[in-house]
Enquirer: 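If you scroll down you'll find the structure; I have some questions about it.
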Amino acid sequence: MISILVNESSLKIEQTTRLSQLQTQHKPDADLLIVNGFPAKPDYQLCQGDQVVMIKRGEIPSAEQLEALMMARHTPGVHALISKSCVGIAGAGGLGSNIAIALARVGIGKLIIADFDLVEPSNLNRQQYFIDQIGQPKVAALKENLQRINPYVEIETFMGRIDPQNLRQIFAGVDVMVEAFDAPDQKAMLTAAHLQQAAECPLVAASGMAGYESSNSITTQKNRNNFYLIGDQQNAAQPGQGLMAPRVSIAAGHQANAVLRLLLGEEPA
Amino acid sequence: MNFQLNGQSHQTVAGTTIGSLLAELQLQPERVVLELNQVILNANEYREQQLKEGDKLEIIQFVGGG
């Protein structure tokens with residue numbers, strides 16, 4: 001007997017098994033057979049440790065299958081923690097749309113996303129929307145895009161303005177909160193309200209990611225207990241220094257990784 | 001009058017308000033979050049508050065973009 005991986009699950013088979021036999025037994029409708037990253041012929045004789053992927057084009061994996069794939073990629077303990085976590089994202093622009101996609105890809109359990117805005121042509125330089133989504137509410141367009149990536153993430157949306165009065169209600173039950181606004185007065189409003197009302201819940205905010213300065217000037221800093229600030233703290237969006245996809249997505253990547261680390265019990269900074 | 005600003009000793013005239021301090025530092029009140037003696041404040045709502053000797057004030061400043 002030899003051990004192989006079939007669609008990320010381990011399997012013991014007879015030493016002389018050929019790929020076509022494996023296909024008949026495990027995935028008769030597959031039309032793509034990949035062994036160790038490369039397309040393989042049906043008469044290929046399987047070897048110890050081979051990683052076999054059998055795909056039917058266009059087929060969407062079930063929740064259980066996708067779960068197994070995520071577990072294999074992220075280790076079961078990590079996946080178990082991520083998949084039962086809930087993260088709140090205030091703002092679905094350049095930061096929020098990128099953060100939401102990163103968290104959906106790692107298989108977060110639930111996202112609560114709030115924004116009042118519609119997708120505009122000028123957003124497409126950095127925000128994760130498509131040209132045919134112009135005019136849609138950002139929260140609706142983002143939910144649609146996230147569901148195309150991972151339909152098993154629970155997504156709750158709120159279309160409207162966030163203020164100190166509705167903050168707790170919109171983001172009830174989140175394990176980590178993310179500030180992903182564009183306007184500095186909104187960033188300050190949300191941060192003050194969150195630190196006043198939900199000091200026990202970590203907040204990951206961002207300040208300073210415009211232009212095309214060095215990537216390395218964007219950092220994750222612990223500002224105080226349960227409050228992490230990401231960015232270069234300096235480069236504001238202003239005439240002559242616009243927001244551009246690379247640095248905005250770097251800051252968003254810092255924020256998403258800070259969320260991940262907090263969920264896994266690690267210090268983000 | 002002496003108070004602590006972001007962990008550093010800072011001197012100012014008696015009667016200085018949060019609003020006048022922020023103006024001196026060229027900061028816009030609606031873009032900052034304050035922690036005054038371990039209490040988080042929305043700077044915009046506390047512009048008129050006078051600082052006292054020995055106060056501990058932390059300023060978190062935000063710039064635009066996201």
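Side chains included, hydrogens not; waters and symmetry mates left out as well; all remaining heavy atoms used. Chain A is the first sequence line, chain B the second, and so forth, proteins listed ahead of strands; every chain is numbered from 1.
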Enquirer: Where does A/Gln234 contact chain B at under 4.5 Å (heavy atoms): side chain, backbone, both or neither?
Expert: backbone
Enquirer: Given heavy-atom pairs under 4.5 angstrom as the criterion, report whether the side chain, backbone, both or neither of A/Ala199 touches chain B.
Expert: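 The answer is neither part of A/Ala199.
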Enquirer: So, A/Asn145 and A/Gln133: side-chain donor and acceptor under 3.5 Å apart, yes or no?
Expert: yes
Enquirer: Check whether A/Asn98 gets within reach of chain B through its side chain, its backbone, both or neither, counting any heavy atom under 4.5 Å.
Expert: neither
Enquirer: Do A/Ile101 and A/Leu146 come close enough that some side-chain heavy atom pair is under 4.5 Å?
Expert: yes
Enquirer: Can you say whether B/Ile60 sits under 4.5 Å from chain A via the side chain, the backbone, both, or neither, judging by heavy atoms?
Expert: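 The side chain, not the backbone.
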Enquirer: Which atoms of A/Arg247 come close to chain B, meaning under 4.5 Å heavy atom to heavy atom: side chain ones, backbone ones, both, or neither?
Expert: neither
Enquirer: Between B/Glu35 and B/Lys56, does at least one N-O distance fall below 4.0 Å, as a salt bridge requires?
Expert: no
Enquirer: Under 4.5 Å from any heavy atom of chain A, what part of B/Gln61 do you find: side chain, backbone, both or neither?
Expert: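 For B/Gln61, backbone heavy atoms alone lie under 4.5 Å from chain A.
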Enquirer: Indicate yes or no for a side-chain donor-acceptor contact from A/Glu179 to the backbone of A/Phe181 under 3.5 Å, with no hydrogens or angles considered.
Expert: yes
Enquirer: Should A/Lys138 and A/Asp115 count as an ion pair when the cut-off is N to O under 4.0 Å?
Expert: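 Here A/Lys138 does not pair with A/Asp115 in a salt bridge, since their nearest N and O are not under 4.0 Å apart.
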Enquirer: Measure A/Ala251 against the heavy atoms of chain B and call it side chain, backbone, both or neither at under 4.5 Å.
Expert: neither
Enquirer: Is A/Glu267 salt-bridged to A/Arg261, going by a charged N under 4.0 Å from an acidic O?
Expert: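 Answer for the salt bridge query: no.
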